[in-house]
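To find a chain, count down the sequence lines: A is the first, B the second, and so on, and within it residues start at 1.
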Amino acid sequence: MSNIRHALSVKRADDFAAWYQEVISAADMAEESGVRGCMVIKPWGYGIWERIQRLMDDRIKATGHDNCYFPIFIPLSNFEREAAHVEGFAKEMAVVTHHRLIADGKGGLIPDPEAKLEEPLVVRPTSETIIGDAMARWIQSWRDLPLLTNQWANVVRWEMRTRMFLRTSEFLWQEGHTAHENAADAQEHTLRMLEVYRACAEDDLAMPVIAGEKPENERFPGAVETWSIEAMMQDGKALQAGTSHYLGTNFAKASGIQYQDREGGQQYCHTTSWGVSTRLIGGVIMTHGDDDGLRVPPAIAPHQVVILPMLRDQPEDAALLEYCEALRASISSQFALGEKIRVLLDRKPGKAATKRWDWVRKGAPVIIEVGGRDMESKVVSLLRRDRLWAENGKPDFATPSRDEAAAAMPAMLGDIQQSLFNEAAQRRDANITRDVTTMDALAAFYADNQRYPGWVEVQWSRPTGAALDAVVEKLKALKLTVRNVPLGAMPADGACIFTGEPAVERIYVARSY
RNA sequence: CGGGGAGUGGCGCAGCCUGGUAGCGCAUCUGUUUUGGGAACAGAGGGUCGCAGGUUCGAAUCCUGUCUCCCCGACCA
């Protein structure tokens with residue numbers, strides 16, 4: 001085992017943060033941009049995002065939503081309307097104040113004082129207010145409800161501390177916004193979209209998550225309820241991977257979203273919003289990455305199978321390429337995970353072995369190398385990225401016949417998808433602790449498990465207001481947060497770990513990103 | 001935004017203390033020999049040392065400012 005020469009220089013167990021960064025650069029996913037907190041997403045990283053987008057968009061459409069697009073600039077007065085919302089976002093806004101530059105006389109440019117905007121525009125950190133404005137125009141009667149919309153967009157939040165994919169100043173996401181007749185409909189929809197997120201995370205990203213309600217102190221600014229899906233990363237920390245909010249009538253009142261009900265009365269709509277972002281890619285890295293780079297689940301892999309001909313700059317190359325092209329055509333005519341299989345025949349010059357390690361680091365699910373001898377024997381050399389190493393410390397090549405390899409691909413890709421999920425789910429389950437019942441035990445647990453502490457499920461009395469603040473403070477001392485109140489958990493049967501009162505439900509407590 | 005660390009060819013680094021106009025490894029290009037597994041040898045190209053000022057005959061090196069990145073914290077849908 002120790003003689004394995006891994007494709008990365010940093011191991012997860014040695015320095016998880018450094019490993020995370022190395023995966024991003026070694027897999028050629030993204031790079032720094034020179035602008036604080038903003039990144040360039042490179043083809044392999046963006047290709048993964050496009051896959052996530054495609055699959056998520058299908059799910060959003062399948063639940064009755066239509067896409068639209070709203071402006072990136074929001075008039076300040078529009079943004080000001082909802083008080084809690086303003087309080088939540090005001091300190092991290094980008095603001096546009098001028099519309100022209102002039103020479104400063106020293107060879108540079110400055111905003112033209114003559115071109116100051118009458119009203120500043122804020123760069124959207126989220127679009128509740130401006131979409132609320134539109135909803136107020138679009139909705140007249142109960143017949144217009146529910147109004148189900150979604151947009152794919154970039155947003156900007158001036159973050160103090162940024163990390164690639166996990167928290168960037170500008171990021172890409174989808175934000176769904178819906179309006180309903182009453183609370184029950186809106187709440188039901190909030191949970192329906194949470195379930196869509198759970199399904200996408202688990203079935204498409206192979207990333208197991210726990211869906212549940214956020215505690216009061218973690219609510220979206222302006223929300224009545226906030227729900228999340230939480231995933232466990234390989235260092236035991238939690239990642240909030242998606243959120244769904246029931247907004248009550250807060251934004252409806254702020255934007256005047258009203259409808260005439262069946263009795264002719266004016267009512268405020270109940271609205272929801274929900275989003276997932278490029279942060280999911282960070283989750284995929286920290287869920288599936290290993291000491292050789294990324295492992296991309298087949299459902300979201302831009303190329304699911306990469307064929308590497310062992311070209312030697314010889315006349316035989318033509319025949320080898322022909323042999324590989326037939327394999328490519330044969331695989332790409334088949335379906336896996338409900339879609340045409342995506343195969344790349346990598347014709348770029350260069351040694352196959354070198355290119356192999358590039359694709360290992362990128363995490364292509366299946367790598368097939370084909371040399372002259374393979375061709376003579378009508379076989380190929382096949383490597384599964386999820387099971388890279390053999391017992392002897394060398395890459396674990398299988399050598400099926402070319403026809404067998406092609407025929408096996410639909411099942412193999414499905415199997416890789418499933419095995420990545422199983423591996424992550426087992427790791428998560430093994431790292432959830434349920435027998436901690438006192439604050440002392442909680443403190444001891446996290447003191448003893450510096451590196452991979454995982455999550456702890458505890459029971460609590462669901463304190464609110466000042467009592468909750470006190471709990472949050474206690475947890476903060478241990479660098480812990482309440483992740484969520486999981487759906488479908490066992491009922492409480494003990495005492496609240498924080499207050500000693502009878503518990504009403506179970507919650508997850510963890511360190512988090 | 002506070003504390004710490006760092007920015008030198010594509011990547012990773014040395015040089016900086018004790019100023020004298022840049023070096024190593026990998027990668028790249030060319031050639032030769034190889035070739036079923038992350039090749040060897042030889043040669044070559046590529047950097048105004050993050051940026052802007054200052055000190056100096058002379059600055060990667062000293063001083064000031066600034067930008068960006070990383071770690072810890074505060075903050076965070």
Please walk me through it: do His189(A) and His65(A) pass ring pair (Phe, Tyr, Trp, His ring centres under 6.0 Å)? CA-CA 11 Å; His189(A) 199 76; His65(A) 305 80; 5.0 Å; yes

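Separating the CD1 atom in Ile131(A) from the CG atom in Asn78(A) is a distance of 10.5 Å, to the nearest 0.5 Å. Between the CD1 atom of Ile48(A) and the CE atom of Met29(A) there is a distance of 4.0 Å, given to the nearest 0.5 Å.
Distance noted for atom C1' between rA6(B) and rG12(B): 14 Å (whole Å). Here the separation of rA22(B) from rU18(B), taken at their P atoms, is 22 Å to the nearest Å. rC75(B) and rC16(B) have their P atoms separated by 42 Å, with the value rounded to a whole Å. Distance noted for atom C1' between rA42(B) and rG38(B): 22 Å (whole Å). Taking the P atom of each, rU21(B) and rA60(B) are spaced 10 Å apart, rounded to whole Å. The same atom, C1', is picked in rU8(B) and in rC49(B); the two are 4 Å apart, to the nearest Å. Of the C1' atoms belonging to rC11(B) and rU55(B), the separation is 35 Å, rounded to the nearest Å. With both ends at atom P, the span from rG53(B) to rC13(B) equals 29 Å, rounded to whole Å.
Atom CD in Glu32(A) sits roughly 13 Å away from atom C1' in rG50(B) (whole-Å rounding). If you take CD of Glu159(A) and P of rC69(B), they are 13 Å apart, rounded to a whole angstrom. Atom CG in Leu480(A) sits roughly 12 Å away from atom P in rG73(B) (whole-Å rounding). We find that CD of Glu31(A) is positioned 17 Å from P of rU68(B), with the value rounded to whole Å. At whole-Å resolution of the value, CZ in Phe89(A) and C1' in rC75(B) are 13 Å apart. Between the CG atom of Leu383(A) and the P atom of rG38(B) there is a distance of 13 Å, given to the nearest Å. Rounding to whole angstrom units, CD of residue Glu22(A) and C1' of rG10(B) are separated by 15 Å. Counting to the nearest Å, the C1' atom of rC76(B) and the CZ atom of Arg219(A) are 17 Å from each other.
Paired regions of RNA chain B, where each region holds three or more successive Watson-Crick or G-U pairs whose two hydrogen-bonding distances fall under 3.5 Å, are B:1-7 with B:67-73, B:10-13 with B:23-26, B:28-33 with B:39-44, B:50-54 with B:62-66.
Considering Val122(A), Val86(A), Ile74(A) in turn, Ile74(A) is the only one that fulfils the side-chain contact (heavy atoms from CB on, under 4.5 Å) rule with Thr129(A).
Backbone-only contact: Gly34(A) has heavy atoms under 4.0 Å from sugar-phosphate atoms and none from a base. Trp227(A) comes within 4.0 angstrom of nothing in the nucleic acid, heavy atoms only. Base engagement by Thr243(A) is indicated by at least one non-hydrogen atom pair under 4.0 Å involving a base atom. Here Gly37(A) lies in heavy-atom contact (under 4.0 Å) with sugar-phosphate atoms only. Counting any heavy atom pair closer than 4.0 Å across all strands shown, Arg279(A) reaches no nucleic acid atom. Across all strands, Pro125(A) comes closer than 4.0 Å to no nucleic acid atom at all (heavy-atom distances).
In plain terms, the two heavy atoms of Ala352(A) and Leu308(A) that are nearest each other are O-CD1, 3.9 Å.
A residue-by-residue look at Phe171(A) and Trp357(A) shows that Trp357(A) has its nearest nucleotide of RNA chain B further toward the 5' end. Nearer the 5' end of RNA chain B, as judged by each residue's closest nucleotide, is the contact made by Ala17(A), out of Ala17(A) and Gly88(A).
In the set rA39(B), rG38(B), rC70(B), rC70(B) carries the atom at the smallest distance from any side-chain atom of Thr162(A). When distances are taken from the side chain of Lys479(A) to each of rC69(B), rC75(B), rG73(B), the shortest belongs to rG73(B). Of the candidate nucleotides rC76(B), rC69(B), rG38(B), rC76(B) has the atom lying nearest to any side-chain atom of Arg167(A). Among the nucleotides rC75(B), rG38(B), rC71(B), the one closest to any side-chain atom of Arg163(A) is rC71(B). Candidate nucleotides rA74(B), rU35(B), rC70(B) were compared by shortest atom distance to the side chain of Gln314(A), and rU35(B) ranks first. Between rG38(B), rC75(B), rU35(B), one nucleotide has an atom nearer to the side chain of Ala7(A) than all others, and that is rG38(B).
Note on Arg295(A) versus Asp386(A): no salt bridge recorded, every NZ/NE/NH1/NH2 to OD/OE distance being 4.0 Å or above. Note on Lys355(A) versus Asp358(A): no salt bridge recorded, every NZ/NE/NH1/NH2 to OD/OE distance being 4.0 Å or above. Ion pairing between a basic and an acidic side chain is recognised when a charged N comes within 4.0 Å of a carboxylate O; Glu213(A) and Arg462(A) show such pairing. Ion pairing between Glu128(A) and Arg81(A) fails under the 4.0 Å rule for side-chain N and carboxylate O.
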Between the protein and nucleotides 1-7 of chain B, which nitrogen or oxygen pairs are less than 3.5 angstrom apart?
from: rC1(B); atom 1: N4; to: Met160(A); atom 2: O; distance (Å): 3.2

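A cation-pi contact, defined as under 6.0 Å to the ring centre and within 45° of the axis, links Arg402(A) to Tyr323(A). Geometric assessment of Lys362(A) against the ring of Trp359(A) yields a positive cation-pi assignment under the 6.0 Å and 45° thresholds.
Residues passing the salt bridge (Lys or Arg N to Asp or Glu O under 4.0 Å) test with Arg347(A) are Glu325(A), sequence neighbours excluded.
Phosphate proximity of rC76(B) to Lys214(A): absent, as no side-chain N or O sits under 4.0 Å from OP1 or OP2.
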